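Naming: A, B, ... by sequence-line order, numbering from 1 per chain. The model shown is predicted, which means the values in this text are computed figures rather than measured ones.
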Amino acid sequence: MADGIASATQGELAAHKGDVPVSRSVTIDRPREELYAFWRNFNNLPLFMCNIHSAEVTDDDPNRLIAWRLEGAGVCNSGRVEFRDSPDSRGTVVTVTQSHVRHDLRRFKQLMETGEVSTAQSPERRRTHSSTAAH
Amino acid sequence: MRALTWHGEHDVRVETVPDPQIVNPRDAIIKVTSTAICGSDLHLYDHTIPTMKAGDVLGHEFMGEVVEVGPGNKKLKVGQRVVVPFVIACGQCFFCKQQQFATCDNSNPAETADMSERLYGHPITGAFGYSHLTGGYAGGQAEYVRVPYADVGPLVIPDGIEDEKVLFLSDILPTGWMAADNCEIKSSDIVAVWGCGPVGLFAVQSAFALGAHRVIAIDRLPHRLDLAKSMGAEVINFEELDVREALVEMTGGIGPDACIDAVAMESHGFSADSFMDEPTAAVQLVADQTRGLRQVILACRKGGLVSIPGFYGGITDKFPIGALMERGLSIKSGQSHVQKYMPHLLELIMEGRLDTTFLISHRLDLENAPEGYRIFKENQNEVTKVVLKPQGATRH
């Protein structure tokens with residue numbers, strides 16, 4: 001799924017942000033425990049994060065915080081995610097501190113709320129409707 | 001399959017493109033039986049909306065038959081007839097749960113959401129066939145279309161109702177209805193509607209259906225004013241009369257209780273400088289034409305409601321903020337929450353209380369869609385709505 005996802009590259013990020021890690025928050029209408037558990041299973045990360053090949057946990061506070069060091073696409077960086085209950089009972093506030101966090105966090109929200117990652121792109125054609133088409 | 005594709009200003013073509021396919025679990029593939037050209041498609045035709053790409057399939061008013069459903073879609077079944085809302089909504093975010101489907105937080109893909117976030121502060125919602133600002137989803141002026149989150153949007157239509165009675169549930173009927181609904185109409189109310197295009201005419205019809213005492217419709221095209229009159233509206237031709245003075249006279253000096261701006265940006269569209277440049281580049285929206293909206297605000301009675309269903313995309317100056325504030329007006333606006341209104345509107349259609357087929361002036365095969373765009377653009381008096389038949393005009 002990650003193959004079809006265009007995203008800011010490390011180069012872009014470094015050029016625009018001086019390689020300083022960026023924080024961003026999103027409110028997801030799901031319980032904190034569910035979000036923590038999903039993120040803690042690193043096999044899930046490529047579903048919404050780009051250029052992930054392997055990750056090593058550097059800090060772990062169950063249902064509250066995960067920090068990691070990533071290796072991927074020839075670059076190495078670290079990140080952390082914090083989970084807090086929304087003060088307005090609107091779900092869980094998820095704050096990620098990492099490079100190119102914006103797209104990853106949007107995809108994480110989509111995945112957890114809808115079960116899928118929104119895309120307008122087609123994978124390679126597997127089948128055709130031509131046999132039933134009028135033309 | 002065959003599809004209407006965009007290639008530039010006044011350059012749309014019917015071409016053979018790859019068939020759509022199921023991508024996500026909740027998707028469905030629809031075989032399109034009827035689709036319409038929307039007034040807002042003319043903004044794309046005039047190339048006044050940024051982020052279009054050559055080859056984009058247009059069309060956001062469509063219906064058809066379900067021919068394939070994804071493994072995660074528990075609602076739709078192959079063979080069902082459905083009308084598809086132009087707004088793509090996930091049904092599960094904070095906004096969808098409040099039935100504010102047109103502000104869905106999830107349907108615009110992560111990458112394309114950047115553009116509207118920079119322009120508007122938050123990303124806008126995904127939609128079919130309407131530039132990459134709304135996600136770059138292929139549209140429904142085609143033989144087939146992929147519908148994401150198809151367990152939320154498409155409304156199943158009972159057998160025995162012809163396409164043309166329900167096709168406009170996809171956009172313009174709920175858009176006109178929400179425009180009137182936003183007026184919070186009471187039985188003694190006088191509602192004025194600027195613009196007698198499809199949305200304006202449906203707003204006239206909806207205002208009566210929601211109990212308005214009188215509706216006054218404003219335009220300059222005689223045939224469109226006649227259509228408004230046939231629904232019971234009083235009319236003002238703005239080329240013949242001063243609109244504000246006429247409204248003052250017609251309302252005993254008070255002004256209309258609610259005013260609907262169904263003119264919007266008059267096909268001038270909007271544009272953004274440096275739009276596709278790197279993220280740090282300045283993004284500047286160019287001014288929308290809002291003369292109509294200024295007139296709406298000045299004409300509305302003190303404490304009245306201004307409803308804006310019409311399509312704006314940029315910024316504006318010379319906005320009469322003083323007239324708005326000093327006279328205590330309220331404004332309600334937004335793209336229509338189509339999914340919220342569809343079931344009730346289908347009931348009204350089935351009960352015979354709403355008939356929208358009067359609007360259709362032209363029916364064409366999909367192959368003739370470029371001609372449909374041309375005549376819709378050039379003769380707005382007589383060409384009130386063009387319906388395309390992707391499976392051949394004789395089959396449906």
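- Contacts between residues 25-39 of chain A and chain B, counted as heavy-atom pairs separated by less than 4.5 Å, involve A:Asp29, A:Arg30.
- Every pair tested for salt bridge (Lys or Arg N to Asp or Glu O under 4.0 Å) that includes a residue from residues 132-142 of chain B fails, sequence neighbours excluded, so the list is empty.
- Summarising the geometry of A:Ala120 relative to B:Gly135, their closest heavy-atom pair is CB-O, 3.2 Å, with the distance given to 0.1 Å.
- Of the listed residues B:Cys90, B:Gly136, B:Pro148, B:Pro25, the one with more heavy-atom pairs under 4.5 angstrom with chain A than any other is B:Pro25.
- In terms of the salt bridge (charged side-chain N to carboxylate O under 4.0 Å, His left out) criterion, residue partners of B:Glu371 (sequence neighbours excluded) are, by chain and number, B:Arg374.
- Taking the side chain as every heavy atom from C-beta outward, B:Tyr149 and A:Glu116 approach each other to under 4.5 Å.
- Side chain of B:Gln92 to main chain of A:Gln110: no donor-acceptor pair is present (N/O by atom type, distance under 3.5 Å, no hydrogens or angles).
- Residues B:Asp114 and A:His103 have side chains in contact (heavy-atom distance under 4.5 Å, counting atoms from C-beta outward).
- Using a distance-only test at 3.5 Å, with no hydrogens or angles considered, a donor-acceptor pair links the side chain of B:Asn24 to the main chain of A:Val117.
- Partners of B:Arg26 by salt bridge (charged side-chain N to carboxylate O under 4.0 Å, His left out), not counting sequence neighbours, listed by chain and number: B:Asp151.
- Interatomic distance, B:Thr112 OG1 to A:Arg106 CZ, rounded to the nearest 0.5 Å: 8.0 Å.
- Considering every non-hydrogen atom in both A:Ser122 and B:Gln21, the closest pair reads OG-CG, 4.2 Å.
- The two residues B:Arg146 and A:Gln121 come nearest to each other via the heavy atoms NH1-O, 4.5 Å.
- Looking at B:Ala113, both its backbone and its side chain come within 4.5 Å of chain A, counting heavy atoms on both sides.
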